[in-house]
Amino acid sequence: MAIFLTKESKVLVQGMTGGEGMKHTRRMLAAGTDVVGGVNPRKAGRTVDFDDRAVPVFGSVREGMAATGADVTVVFVPPAFAKAAVTEAADAGIGLAVVITEGIPVHDSVAFHAYAATKGTRVIGPNCPGLITPGQSNAGIIPADITKPGRIGLVSKSGTLTYQLMYELRDIGFSTCVGIGGDPVVGTTHIDCLAAFQDDPDTEERAAAYVRDHVTKPVVAYIAGFTAPEGRTMGHAGAIVSGSSGTAQAKKEALEAAGVRVGGTPTETARLVLTRLESERVAAQG
């Protein structure tokens, strides 16, 4: 049970030789991720030692893919170079680009998302923690030791709330957790993830409509911002409230109308998940 990322995924890291790239590459490797190379045109041909593994550095994504069969790239480059990095990855034909970088100009994000779509490259982010399939692979900065493999799928704009719910439900575990990022423009959306989770065999108002019309699996949601003022961009998840559209209450009502249980806090949300799973267990036994 997994979406977008499995133990078979071969991962490149654009910006691996920088400080953040080095730190998180080491953490990804420790989580079992098959990191097959880094990308830095100025350091091509070198290798970087991470404990017991030497990872080669390539001059381009295309070169790295040709040498290793990589199908995922994780982008840790500075904001000014992010557009070029994602465009390069899309030109190389990579299947998934996970853009961790925050502070990317919105017009750059719009441009590289549109371009990647024409090349068939899925983009997660920017300004995101990435995604993890516990026990299999971790592409990004999500802590790998706060949960275990299980049957819950998680998608969130907020990295911090992603981590909290992973921890709250650690005894049950997760199939895949996806942090889609909090910028105004992101590549992969709640709806994209819901569709993938629905199709896996083993939250917003638009997501509510999708759940109502297409999702047969149980969905539980948490919405932050019930006390936020109108017209204000707030918090890491970048919610914008305008009139009733975008308010936490409007989202809650839309989700509940679609049959989604909505928690008032992350802890309450976790309890709703546990209650739903327990009711399914009892029904199966009865």
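When a residue number appears, it is its place in the shown sequence, counting from 1.
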Under 3.5 Å donor-acceptor, [X] side chain and [Y] backbone:
X	Y	value
Lys217	Phe197	yes
Thr68	Ala70	yes
Asp192	Thr189	yes
Thr25	Met16	no
Lys148	Asp171	yes
Glu63	Gly59	yes
Thr118	Tyr115	yes
Thr269	Thr265	yes
Thr47	Pro56	no

What do you reckon, is CZ of Phe81 surrounded by more than 12 foreign heavy atoms closer than 6.0 Å?
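No, because the 6.0 Å sphere around CZ of Phe81 holds 12 heavy atoms or fewer from other groups.
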
Hey, is CZ on Arg170 packed in by over 12 heavy atoms from elsewhere, all under 6.0 Å?
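Yes, because the 6.0 Å sphere around CZ of Arg170 holds more than 12 heavy atoms from other groups.
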
Quickly, which of Val155, Thr176, Thr133 forms a side chain to side chain contact (heavy atoms under 4.5 Å, CB included) with Ile3? Name it, please.
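Between Ile3 and the candidates, side chain to side chain contact (heavy atoms under 4.5 Å, CB included) is satisfied uniquely by Thr176.
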
Please say which of Ser158, Pro266, Pro143 ends up in a side chain to side chain contact (heavy atoms under 4.5 Å, CB included) with Tyr163.
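When Ser158, Pro266, Pro143 are each tested with Tyr163, the side chain to side chain contact (heavy atoms under 4.5 Å, CB included) holds only for Pro143.
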
Consider only side-chain heavy atoms of I, L, V, M, F, W and Y, link residues closer than 4.5 Å, and tell whether [X] and [Y] are in one cluster.
X	Y	answer
Phe58	Val77	no
Val74	Val123	no
Met65	Leu96	no
Ile146	Ile132	yes
Leu29	Val75	no

After noting the C-alpha distance and the side-chain angles of Val13 and Val39, does the key distance pass the side-chain contact (heavy atoms from CB on, under 4.5 Å) rule?
CA-CA 6 Å; Val13 181; Val39 178; over 6 Å; no

What I'd like to find out is whether the side chain of Met166 reaches to under 4.5 Å of the side chain of Phe174, using heavy atoms alone.
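Yes, at least one pair of side-chain atoms sits under 4.5 Å.
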
Less than 4.5 Å apart, side chain to side chain, heavy atoms only: is that true for Arg62 and Glu88?
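Contact flag for Arg62/Glu88 side chains = no.
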
Hey, mind stepping through Ile180 and Cys128 against side-chain contact (heavy atoms from CB on, under 4.5 Å) and telling me if it holds?
CA-CA 6 Å; Ile180 61 174; Cys128 77; over 6 Å; no

For [X] and [Y], work out which heavy atoms get closest and say how close.
X	Y	result
Met28	Gly140	SD-N, 3.4 Å
Asp183	Pro126	OD2-CG, 3.5 Å
Gly263	Tyr222	O-CD1, 3.5 Å
Lys119	Ala90	CB-O, 3.6 Å
Thr147	Pro134	CG2-CG, 3.9 Å
Ala82	Ile104	CB-CD1, 3.4 Å

Candidate pair Phe4 and Arg122, rule side-chain contact (heavy atoms from CB on, under 4.5 Å), full reasoning:
CA-CA 9 Å; Phe4 307 150; Arg122 173 181 296 281; 3.5 Å; yes

For the pair [X] and [Y], find out whether any cationic side-chain nitrogen is under 4.0 Å from an anionic carboxylate oxygen.
X	Y	result
Arg271	Glu268	no
Glu280	Arg151	yes
Asp34	Arg53	yes

What I want to check is whether the side chains of [X] and [Y] have a donor and an acceptor closer together than 3.5 Å.
X	Y	result
Gln198	Thr216	yes
Thr6	Gln136	no
Asn40	Thr17	yes

Could you pull out all residues at least two apart from Tyr210 that satisfy ring pair (Phe, Tyr, Trp, His ring centres under 6.0 Å)?
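Counting only residues at least two positions away or on another chain, Tyr210 forms a ring pair (Phe, Tyr, Trp, His ring centres under 6.0 Å) with His214.
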
